[in-house]
Number of protein chains: 2
Amino acid sequence: MFTSEMIASFNDLETDIYNYVITHEHEVIYMRIRELAEHTHVSTATILRFCKKVGCEGFSEFKTKLKLELKSRQSVVKSGEHAVMEFFERTLSSDQETVLEEAVQMLTQADNVLFVGIGSSGILAEYGARYFSSLGKFSMYIKDFSYPIHNRLQKNSVSIVLSVSGENSFTIKQMNRLKREGSKVISITNNKQCTTAKMSDLNLAYYMTEEYYEDTNITTQVPVIYLLETLARKLNQHEQQRNEILEDPHE
Amino acid sequence: MFTSEMIASFNDLETDIYNYVITHEHEVIYMRIRELAEHTHVSTATILRFCKKVGCEGFSEFKTKLKLELKSRQSVVKSGEHAVMEFFERTLSSDQETVLEEAVQMLTQADNVLFVGIGSSGILAEYGARYFSSLGKFSMYIKDFSYPIHNRLQKNSVSIVLSVSGENSFTIKQMNRLKREGSKVISITNNKQCTTAKMSDLNLAYYMTEEYYEDTNITTQVPVIYLLETLARKLNQHEQQRNEILEDPHE
DNA sequence: ACACCCTGTGTCAGAAATGTTACATGGGAC
DNA sequence: GTCCCATGTAACATTTCTGACACAGGGTGT
């Protein structure tokens, strides 16, 4: 609320006001500007100038800010300690952004997108394919690994490979096949220390603590959905921009 | 700023206001109460009542709070995808907890869980069924609506119905059929103002801003995955506790 | 069908508060 | 002395806030 620079810049009268305010916080938040002026023995105009000086537009804004400050001081922050929360804090603050940008670049240049995954990752792959298609990017989910992929699809395609552990042998086999056939590969795995991540052209890792229940991996997949949706949205934005430029290069 | 209880308690007009505010945040903070009233096609009194409802003493307090929220947001998160963040803040802080607990209660008593959904919600339903099964709760995803459900499955079952809009006619039809056959219904929808929510025994709503791209609904489904996983985990915990008590009633 | 009530909403007037402005004052610096 | 700056004053404009009331629609009981 009050930075040290502010306090340093106060003159005598303002210091008086400041002192009064901090010693009577709980009363000030209910006062009218005239009351405060009276209590501090200054004019309302001075109070108002004071408010502006500490970064408020007016007296009422000053009061609400003070009020909020008081409240936040007494209430201890909760939430916080949640795994998923941590993921979002990481992605939103750090520069996973740049990796995402690279992925979008790659996807923009592709004519079609193939999704690969097994088990629950398979379901998410299906979701991804659907979401991408909804946003206008041709994409499909490869369910059956022996399914013959048409030549047209292999040309100039990007595959998005999903795997939590990154060690599923079927997934790896399929990824190899796709690479051999000239598809670029983006993998989304829980961490970068796995075969899938190492073998792909680009890797997005989300680093949740891996959890198991009687041998099945039950690590949360919330980040995967988030990454897939974000990719699709960014891609869509990107392509739309590109189209605008192509259509009308002078604007 | 807006907790999920608040949002849930909004009626039509208030929801309109809410939607306008969050889509025009940066304008609202400069508006007079009359302007906002005009833009949202309601009276100033309604705006004022709205402000009080969301925990502000008056309109000016509302504006300052909004202003502060905007500022704090830009300093922490960078642009864009804060929508999902908001969901987590809401759920983690507020007590959506109690609704989740009720759901878990209901699920504990059921012998099996049926997942229902169409389109992308269908994929998520499949994911849910798989996740529940991984955690030891017998559950299945009903893909084909004409699929004859075995009697054994109908007895003492809970259905989890997924639908973003909550208005898909197939889903509703299927829900009706399940209800008729004695299954309890938990629905997971984007908001409570929809047929699906109203018709179910229990509703979990996540309140993301609905987004469309050329008529298809592309609202984020991150909360759905989160809710499904959380349900499964809590359920598992709960059942484990119960078993411990049954096995060894003295500890 | 009717009366009744309750709730949500709008309207309006006027009180109360804030914000603005122009000007007065007064004390120091030059 | 006089010029300037900080402050006070006071009237006025603007805005918010309050309260009373009207009105519509839905539900309920008779």
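By convention in this document, chain letters (A, B, ...) are assigned in the order of the sequence lines, proteins followed by strands, and residues within each chain are numbered from 1.
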(message) Using OP1 and OP2 only, check whether a side-chain N or O of A/Ser60 sits under 4.0 Å from D/dT15.
(response) no
(request) Compare side-chain N and O positions of A/Lys63 against OP1 and OP2 of D/dT16 and report whether any pair is under 4.0 Å apart. (result) no
(request) Could you check which of C/dG19, D/dT18, C/dG8 has an atom nearest any side-chain atom of B/Asn11? (result) C/dG8
(request) Look at the rings of B/Phe50 and B/Phe2 and say which category their plane angle falls in: under 30° parallel, 30 to 60° tilted, over 60° perpendicular. (result)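 The rings of B/Phe50 and B/Phe2 sit tilted, inter-plane angle from 30° to 60°.
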(request) Using the six-membered ring wherever Trp is involved, compare the ring planes of B/Tyr20 and B/His39 and label them parallel, tilted or perpendicular (cut-offs 30° and 60°). (result)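 Rings of B/Tyr20 and B/His39: parallel, under 30°.
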(message) Give me the atom names and distance for the closest heavy-atom approach of A/Phe132 to A/Leu228.
(response) CE1-O, 3.6 Å
(request) State, to 0.1 Å, how close B/Ser183 and B/Ser159 come at their nearest heavy-atom pair, and which atoms those are. (result) OG-OG, 2.8 Å
(request) Starting from the 5' end of DNA chain D, give me the residue, B/Arg49 or B/Gly58, whose nearest nucleotide shows up first. (result)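 Looking at the nearest nucleotide for each, B/Gly58 comes out on the 5' side.
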Separation of [N] [atom2] from [X] [atom1] (nearest whole Å):
| X | N | atom1 | atom2 | answer |
| --- | --- | --- | --- | --- |
| B/Lys53 | C/dG8 | NZ | C1' | 10 Å |
| A/Glu14 | D/dG8 | CD | P | 11 Å |
| A/Phe59 | C/dA16 | CZ | P | 18 Å |
| A/Lys52 | C/dG19 | NZ | P | 7 Å |
| A/Leu13 | C/dG26 | CG | C1' | 14 Å |
| A/Phe50 | C/dG19 | CZ | P | 14 Å |
| A/Phe62 | C/dG19 | CZ | P | 12 Å |

(request) Any salt bridge (charged side-chain N to carboxylate O under 4.0 Å, His left out) involving residues 117-139 of chain B? Give me the pairs, sequence neighbours left out, ordered by first then second residue. (result)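 The answer is B/Lys137-B/Glu239.
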(request) Give every residue pair that meets the salt bridge (charged side-chain N to carboxylate O under 4.0 Å, His left out) criterion with at least one member in residues 53-64 of chain A, sequence neighbours excluded. (result) A/Glu14-A/Lys53, A/Glu57-B/Lys67, A/Glu61-A/Lys65, A/Glu61-B/Lys67
(message) By nearest heavy atom, map A/Glu61 and B/Asp12 onto DNA chain C; which one lands nearer the 5' end?
(response) B/Asp12
(message) Any residue in residues 32-47 of chain A with a heavy atom nearer than 4.0 angstrom to DNA chain C? Just list them by number, or reply none.
(response) A/Arg32, A/Ile33, A/Arg34
(message) Is the shortest side-chain heavy-atom distance between B/Val116 and B/Leu162 below 4.5 Å?
(response) no
(request) For B/Leu48, answer base if it contacts any base atom (sugar-phosphate contacts may also be present), sugar-phosphate if it contacts only those atoms, and nothing otherwise; contact means non-hydrogen atoms under 4.0 Å. (result) base
